[in-house]
Visitor: 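Quick one: the structure is below, questions incoming.
Note that this is a predicted model, so its numbers are computed, not measured.
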Amino acid sequence: MARTVTRKRFYFENLDGLRGLFFILVFISHGCDYKSPELQTHWVNPIVQFGTVHDTSLVLSFFFVMSSFIITMLLLREKQFEGQVHIGAFYLRRLLRIAPLYLVMLGIGFGLYPWLRSFGSHPYTEVASLWHHLVFIQNFDFVERMPEFLGLSVLWSLAVEEQFYLVWPLLLALVPRRALFATFLGILAAVLAWQCTHDLSPFHTLTCASDLAVGGLAAVAVFHAHQYRHPLARRWLLAVRHQSPVLIVALWLAAIYLYRHGLRDAPAMVQPFERLVVDIVAVSVLLEQNYGRKSLFKLGYLPGFRKLGQLAYGLYLLHAVAIVAVDDVLHLTGLPKTVWNIVLLKPVLAFALTVLGAMVSFRYFELPFLRLYGKLLPAPPKASATATVFIEPDLIPATAVPAPLALYTSTAVSSR
């Protein structure tokens with residue numbers, strides 16, 4: 001059926017739940033010293049090893065897929081309702097969301113932390129480049145060397161995100177809607193060709209570009225299924241909507257295996273496609289959580305995961321600082337490095353400090369900058385906020401309700 005609707009902010013609460021889950025996996029990987037010699041011969045070691053993600057870059061691929069999916073959907077909606085993509089407004093919105101806390105992290109990594117270390121007995125020299133961090137190309141440095149400070153070592157993914165934010169609105173603005181699917185397929189094919197002919201570094205932009213292409217493809221397909229009743233897109237999304245519990249269990253088991261092991265045990269000819277396989281599983285989980293009617297669970301219904309997801313940007317940037325701070329304080333206190341201090345005390349204290357820091361940062365530091373956007377760029381006239389769209393009742397997301405906090409999360413901000 002066709003009808004005229006007023007444009008509203010859209011929000012998938014289950015994406016916040018997924019963000020929360022995958023942040024926890026990243027935190028466990030960084031916060032638990034699972035390679036510690038004290039742990040290797042202890043009976044708890046198999047449990048710790050099972051719960052640890054050994055390749056964090058594969059977990060971050062999920063965040064790239066999700067970011068591309070949401071941003072592409074937002075830009076497609078903006079182009080449909082307003083007739084164009086407001087590129088300047090998009091850049092301003094991203095700047096206000098990313099820059100304030102990011103600059104604080106650079107101040108800590110290149111200023112405060114080296115100064116504090118100067119009082120210690122061991123010399124400290126940061127090998128990372130401040131200039132490269134300021135222009136968001138530090139991920140290329142990571143191909144050769146890692147920063148000394150853990151708080152800087154997590155910022156490579158922000159460089160990939162900002163490079164994506166620079167290109168994506170231009171792509172959506174210039175490429176006709178009907179050519180977008182073929183364009184994203186072309187990008188994916190080119191990236192796969194590069195990955196098959198080069199040594200793979202998880203930090204290189206072209207390694208992560210497949211994540212962004214897959215997320216964009218999914219968003220274009222969903223958009224066409226919703227708004228234009230494209231027959232192939234509708235059948236595909238209905239299949240996602242009604243997939244059986246057996247397939248859902250298999251999907252989650254595949255996700256668990258891939259995020260723990262990747263394809264490192266697969267034949268050499270298959271390994272270059274590891275990222276693509278992870279991307280397909282990631283986007284399948286994303287779609288299942290948003291559109292599946294027979295889901296075993298919805299992470300968005302779990303308040304703890306949802307709250308963590310809403311704070312995911314601050315949590316991700318601050319967790320490494322919290323881990324270093326707790327580790328240094330425990331070292332200064334002379335606390336023995338026992339197994340239980342490694343697997344319980346240090347992670348619990350660091351996690352609590354991370355959550356507290358992210359909550360305080362969002363409420364008293366990040367949110368005032370986000371509110372500047374409405375003052376600098378008022379909302380468009382109401383007359384431009386309506387459009388005739390086709391509504392398929394069976395294709396509406398399982399949960400698509402507004403939530404005030406979600407309007408300010410890193411990838412769930414309205415297009416205009």
Visitor: Between the main-chain N or O of Ser201 and the side-chain N or O of Thr207, is there a donor-acceptor pair closer than 3.5 Å?
Guide: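 Indeed, once roles are kept as given, a pair shorter than 3.5 Å links the two residues.
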Visitor: For residues Arg275 and Val278, determine if any side-chain heavy atom of one lies less than 4.5 Å from a side-chain heavy atom of the other.
Guide: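 Of all side-chain heavy-atom pairs linking Val278 with Arg275, none is under 4.5 Å.
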Visitor: Carefully, step by step, assess Phe369 and Tyr373 under the rule ring pair (Phe, Tyr, Trp, His ring centres under 6.0 Å).
Guide: CA-CA 7 Å; Phe369 285 97; Tyr373 178 77; over 10 Å; no
Visitor: I would like to know whether Phe297 and Trp252 meet ring pair (Phe, Tyr, Trp, His ring centres under 6.0 Å); could you show each step before the answer?
Guide: CA-CA 11 Å; Phe297 52 85; Trp252 280 99; 5.1 Å; yes
Visitor: From Leu18 CG over to Leu308 CG, what is the distance, rounded to the nearest 0.5 angstrom?
Guide: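 Taking CG in Leu18 and CG in Leu308, the distance rounds to 12.5 Å.
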Visitor: Of Tyr316, Phe27, Phe62, which is the lone residue that meets ring pair (Phe, Tyr, Trp, His ring centres under 6.0 Å) with Phe22?
Guide: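 Testing Phe22 for a ring pair (Phe, Tyr, Trp, His ring centres under 6.0 Å) against Tyr316, Phe27, Phe62 leaves exactly one candidate, Phe62.
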Visitor: Report the relative orientation of the aromatic rings in Phe149 and Tyr113; use parallel for angles under 30°, tilted for 30 to 60°, perpendicular for over 60°.
Guide: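 Correct class here is parallel.
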Visitor: What verdict does the salt bridge (charged side-chain N to carboxylate O under 4.0 Å, His left out) test give for Glu366 and Arg97, after you've listed the backbone C-alpha separation in whole Å, the side-chain angles of each residue and the deciding distance to 0.1 Å?
Guide: CA-CA 7 Å; Glu366 300 167 63; Arg97 181 67 190 100; 2.8 Å; yes
Visitor: Ignoring hydrogens and geometry, is there a side-chain-to-backbone donor-acceptor pair from His133 to Ser129 under 3.5 Å?
Guide: yes
Visitor: Return the CG to CG distance between Leu180 and Leu76, rounded to the nearest 0.5 Å.
Guide: 6.0 Å
Visitor: Is there a side-chain contact between Leu171 and Trp168, using heavy atoms and a 4.5 Å cut-off?
Guide: yes
Visitor: Establish, from distance only, whether the side-chain atoms of Arg177 and His224 form a donor-acceptor pair under 3.5 Å.
Guide: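 Looking only at side-chain atoms, His224 and Arg177 do form a donor-acceptor pair, the distance falling under 3.5 Å.
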Visitor: Would you mind reporting whether Met146 and Trp156 have side-chain heavy atoms less than 4.5 Å apart?
Guide: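 Side-chain contact under 4.5 Å: no.
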Visitor: Check whether any side-chain heavy atom of Leu15 sits under 4.5 Å from a side-chain heavy atom of Gln289, and report yes or no.
Guide: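 When only atoms from C-beta onward are counted, Gln289 and Leu15 do not touch, as no gap falls below 4.5 Å.
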Visitor: State, yes or no, whether a side-chain contact exists between Val222 and Asn290 at a heavy-atom distance under 4.5 Å.
Guide: no
Visitor: Return the CG to CG distance between Leu330 and Leu335, rounded to the nearest 0.5 Å.
Guide: 6.0 Å
Visitor: Could Arg94 and Glu161 be called an ion pair, given the rule that one side-chain N must be under 4.0 Å from one carboxylate O?
Guide: no
Visitor: Report the distance from atom CG of Leu158 to atom OH of Tyr165, rounding to the nearest 0.5 Å.
Guide: 8.5 Å
Visitor: Going by atom types only, do Ser295 and Glu288 share a side-chain donor-acceptor pair under 3.5 Å?
Guide: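 Yes, a side-chain donor-acceptor pair sits under 3.5 Å.
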Visitor: For the pair Ser29 (side chain) and Leu25 (backbone), establish whether a donor and an acceptor sit closer than 3.5 Å, ignoring hydrogens and angles.
Guide: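 Checked: no pair found.
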Visitor: For Leu237 and His226: C-alpha separation, side-chain torsions, deciding distance, then whether side-chain contact (heavy atoms from CB on, under 4.5 Å) applies.
Guide: CA-CA 9 Å; Leu237 192 53; His226 274 304; 4.3 Å; yes
Visitor: Please confirm whether the backbone N or O of Leu155 pairs with a side-chain atom of Tyr102, one donor and one acceptor, at under 3.5 Å?
Guide: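 No, because the side chain of Tyr102 does not come within donor-acceptor range (under 3.5 Å) of the backbone of Leu155.
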Visitor: Can you tell me how the ring of His198 sits relative to the ring of Trp194, calling it parallel under 30°, perpendicular over 60° and tilted otherwise?
Guide: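 Because their plane-to-plane angle is under 30°, the rings of His198 and Trp194 count as parallel.
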Visitor: Enter the distance from Leu21:CG to Phe305:CZ here, rounded to the nearest 0.5 Å.
Guide: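 Output value for this atom pair is 5.5 Å.
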Visitor: For Leu172, is there any backbone N or O sitting under 3.5 Å from a side-chain donor or acceptor partner on Lys79?
Guide: yes
Visitor: Do Asp211 and Ser68 get their side chains close enough for a donor-acceptor pair, meaning under 3.5 Å?
Guide: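 The answer is no; no qualifying pair exists.
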Visitor: Assign the ring pair His204 / Phe140 to parallel, tilted or perpendicular, where the plane angle (0 to 90°) is split at 30° and 60°.
Guide: perpendicular
Visitor: Between CG of Leu311 and CZ of Arg19, what distance do you get to the nearest 0.5 Å?
Guide: 11.0 Å
Visitor: Both conditions, 6.0 Å and 45 degrees, for the charged tip of Arg241 above the ring of Tyr291: are they met here?
Guide: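 Geometry flag: not set, cation outside 6.0 Å or 45°.
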